[in-house]
Amino acid sequence: MTQIFNFSAGPAVLPKEVLQQAAAEMLDWHGSGMSVMEMSHRGPEFISIYKQAEADLRELLAVPANYKILFMQGGGLGQNAIIPMNMLGCCPQPGTIDFVHTGSWSGKSIKEAKRYANANVAASAEANGFTSIPPQDTWRLTPGAAYLHICTNETIDGLEFNFVPQVDARTPIVADMSSHILSRSIDVSKYGVIFAGAQKNIGPAGLTLAIVRDDLLNEALNICPSAFHWKTVAEHESMFNTPPTYSIYIAGLVFAWLKRNGGVAAMEQRNIEKARLLYAALDADDFYQNRVAPEYRSRMNVPFYLRDESLNEQFLAGAKARGLLQLKGHKSVGGMRASIYNAMPIEGVQALVDYLNEFAGR
Ligand SMILES: *Cc1c(COP(=O)(O)O)cnc(C)c1O
């Protein structure tokens, strides 16, 4: 059988070892006689799974003690509403949120925030076709804004922040890290809130992580639903209502896999190497094109176009025949996209590079 490499942007590839372990434990977790899916979220078995996952994630990202890690639901798009509802109670109504518009996902966050606040677009990359991040000295930030929202890796446009914005110490930075969390070292203390849907670089869909600094837990608007109220969720250790138990279990297996493989720093080195290999093949001549400014190119999501787009179907069919799956670009931008998350081995990137060269007749 051809070896399969899955380049989906999400839900996305998981480490084979993790899936094998989950399969082995499917019917009977550690002699409990139960599948994890069948356990009470308040029983000792699941509590041990949850506590280990929380501790491992805290260690992997070096999350300081004054931050809570919340295991929530509702996805990244859910957070676009949950965050304003949790953070706008701090200021006179309607509050103002600053945004940097760098692509599709920050665009969606802006649209949703307008239901709750003044959404000020402090800077936008729209005019350059979302190919570079506006320099920080051009941003027009609002004094007294409730927070600054950025999407640190734009999954569709393939644009990644390579810096942490410098802001007034009173303005928390809220970062959507859905598609690159755990792919590179970060300094959590520079952010007020980090959130991420799990289905890109962590585990199955259904789990959404929110890492929230303690002083921001209690600034919610009255309309905020209890199940999404950070303080309530934190006080109940993510068990105010039933959390996505199976997704938390798989995420925990991924965290353990990351630790066995050297943690985030080792993963970052591998991701740099994988991205270097792939972009070099795309840049070799003008057969393929990636339009993002080199310093802002994403290490995780690599969109590209064939110079002759009439070859798109032929390219995808040939890729599929070689076991290279889900390379079609997002419907809003067309072209191709290779997502090369932590769980994508370098062999997968090499197989794609070999195919890119072959198809281009190099
Ligand atoms: C996928 C994604 C989202 C949306 O996640 P859902 O779980 O579908 O709501 C939000 N932000 C980014 C950066 C993403 O990649």
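Order of listing sets the numbers, starting from 1, for every ligand and every atom in it. Side-chain atoms are counted along with the backbone in the values below, which use heavy atoms only and exclude waters and symmetry mates. These numbers were taken from a predicted model, which means no experiment stands behind them.
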Undergrad: Can you list the residues that meet the salt bridge (Lys or Arg N to Asp or Glu O under 4.0 Å) rule with D308, with sequence neighbours excluded?
TA: none
Undergrad: Tell me the salt bridge (Lys or Arg N to Asp or Glu O under 4.0 Å) pairs involving residues 320-341, sequence neighbours left out?
TA: R322-E358
Undergrad: What side chain to side chain donor-acceptor pair (under 3.5 Å) pairs are there with at least one residue in residues 125-135, not counting sequence neighbours?
TA: N128-T131, N128-S132
Undergrad: Salt bridge check, E273 against R276: does any charged N sit closer than 4.0 Å to a carboxylate O?
TA: yes
Undergrad: Near ligand 1, which residues have a heavy atom under 4.0 Å away from one of its atoms?
TA: G75, G76, L77, W105, C151, N153, T155, D176, S178, S179, Q199, K200
Undergrad: Using the six-membered ring wherever Trp is involved, compare the ring planes of F240 and H236 and label them parallel, tilted or perpendicular (cut-offs 30° and 60°).
TA: perpendicular
Undergrad: Answer yes when R362 and D285 have at least one side-chain N-carboxylate O distance shorter than 4.0 Å, and no when they do not.
TA: yes
